[in-house]
Amino acid sequence: TEDRGLVHIHDGRTDAFSQSDGLSGDSVNALFEDREGNFWVGTMTGLDRFRDNAVVTFSARQGLRNFPRGAFLIDRDGSIWLDASEGLSRWKNGRTTVYRWHRRPVAHLFSLCQDNNGRVWVASFNGVGHVENDRFIPMDDVPGGLVISLACDAAGNLWLADLTRGLVQLRGSRVVRQIPWATLGHKDYAVALAADPLGGGLWLGFSRGAWPSLKYTRPPR
């Protein structure tokens, strides 16, 4: 409407949204529905987005026994991996599974990722490992160092952001190459990695945040 906000007619009901309800303005000039089903409303004083998705909460009522402290990952099968109070945990269908190594919790997780084979890789204070066949397997072949982030790319590589050694590329359990941070033009180190599924490269976020705080690296052929 021109001066009474947005009117939504559905299922025999009429709902009105005005500035007093949180709309950016009462004078609506444009409406648009995007390909994800979000509904955009342009007013004289702003832009509003309406979406059907509500916030879903998972807590002890839904069977989540542990609560996240750091890294977490959504598995392809819908389960949730998280760094919880009892260590590496997997929550699925209301059931929590805690993973241990030599009867000790796999704790203080920095990063999680899932490779093409469905294995979940873990970077923790105690090193790098992965979960396979419902069992945690440490990666003893990786030289010692503090890995604070990791990423699994579409080509089957595992990338590690090692605090001191730089960017490390692995294929299987073999180290393919190590790239010192200075080679990437930085005196600091990367604290976040993200594989690009379309471009095939790797995005790095560096600790100091100074330009360039993000860097794109193409993998070797």
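Hydrogens, waters and symmetry mates are skipped; everything else that's a heavy atom, side chains included, is used. In this text, all values refer to a predicted model and were calculated from it rather than measured experimentally.
- Here the CG-CG distance, from Asp196 to Leu202, works out to 9.0 Å after rounding to the nearest 0.5 Å.
- The aromatic rings of His186 and Phe206 sit parallel, their planes meeting at an angle under 30°, below the 60° perpendicular limit.
- The two residues Cys113 and Leu73 make their nearest non-hydrogen contact at C-CD2, 4.0 Å.
- Taking CG from Asp162 and CD1 from Ile179, the interatomic distance works out to 12.5 Å, rounded to the nearest 0.5 Å.
- Within 6.0 Å of atom CZ in Arg100, more than 12 heavy atoms from other residues, nucleotides or ligands are found, so the atom counts as buried in its surroundings.
- Within a 6.0 Å radius of CD in Glu33, more than 12 heavy atoms belonging to other residues, nucleotides or ligands are found.
- The minimum heavy-atom distance linking Ser111 with Ser149 is given by the pair CB-CA, 3.6 Å.
- Thr14 pairs by the side chain to side chain donor-acceptor pair (under 3.5 Å) definition with nothing, not counting sequence neighbours.
- Listed by chain and residue number, Arg90, Tyr99 satisfy the side chain to side chain contact (heavy atoms under 4.5 Å, CB included) test with Asp134 (two or more places apart in sequence, or in another chain).
- Among pairs with a residue in residues 36-50, none fulfils salt bridge (Lys or Arg N to Asp or Glu O under 4.0 Å), at least two apart in sequence or across chains.
- Residues passing the side chain to side chain contact (heavy atoms under 4.5 Å, CB included) test with Arg76, sequence neighbours excluded: Gln114, Asn116.
- Separation of atoms CG (Leu146) and CG (Leu160) is listed at 11.5 Å; rounding is to 0.5 Å.
- The hydrophobic cluster around Phe32 extends to Trp40, Leu47, counting ILVMFWY residues whose side-chain heavy atoms fall within less than 4.5 Å of a member.
- Between atom CG of residue Leu150 and atom CG of residue Leu193 there is a gap of 7.5 Å, rounded to the nearest 0.5 Å.
- Under the 4.5 angstrom side-chain criterion for Ile, Leu, Val, Met, Phe, Trp and Tyr, the cluster partners of Leu6 are Phe17, Leu23, Val28, Leu31, Phe39, Val41, Phe50.
- Two residues are said to be in side-chain contact when any heavy atoms from C-beta on lie closer than 4.5 Å; Met139 and Leu170 meet this criterion.
- Contacts of Pro180 classified as side chain to side chain contact (heavy atoms under 4.5 Å, CB included), with partners at least two apart in sequence or in another chain: Thr183.
- Qualifying side chain to side chain donor-acceptor pair (under 3.5 Å) partners for Arg13, counting only residues two or more places apart in sequence or in other chains: Asp15.
- Here the side chain of Asn133 pairs no donor or acceptor atom with the backbone of Arg135 at under 3.5 angstrom.
- Using a 4.5 Å cut-off on side-chain heavy atoms (C-beta onward), Lys187 and Arg208 make contact.
- The line from CZ of Arg174 to CD of Gln169 is 9.0 Å long, rounded to the nearest 0.5 Å.
- Put simply, the side chain of Phe110 does not reach to within 4.5 Å of the side chain of Val147, judged on heavy atoms.
- Residues that satisfy the side chain to side chain donor-acceptor pair (under 3.5 Å) test with Arg171, not counting sequence neighbours, are Asn157.
- Minimum heavy-atom separation, Ala190 to Ala161: O-CB, 3.8 Å.
- Every residue two or more places apart in sequence or in another chain was checked for a ring pair (Phe, Tyr, Trp, His ring centres under 6.0 Å) with Tyr189, and none qualifies.
- At distances below 3.5 Å, not a single donor-acceptor pair connects side-chain atoms of Asp75 with backbone N or O atoms of Gly78.
- Evaluation of the salt bridge (Lys or Arg N to Asp or Glu O under 4.0 Å) rule for Asp115 yields Arg119 as partners, not counting sequence neighbours.
- The main-chain N or O of Ser24 is found under 3.5 Å from a side-chain atom of Thr45 such that the two form a donor-acceptor pair.
- When all heavy atoms are compared, the tightest approach of Lys92 to Asp77 is NZ-OD2, 3.4 Å.
- Here the straight-line distance linking atom CG of Leu88 with atom CG of Leu82 works out to 8.0 Å at 0.5 Å rounding.
- Using a distance-only test at 3.5 Å, with no hydrogens or angles considered, a donor-acceptor pair links the side chain of Asp26 to the main chain of Gln19.
- Qualifying side chain to side chain donor-acceptor pair (under 3.5 Å) partners for Ser27, counting only residues two or more places apart in sequence or in other chains: none.
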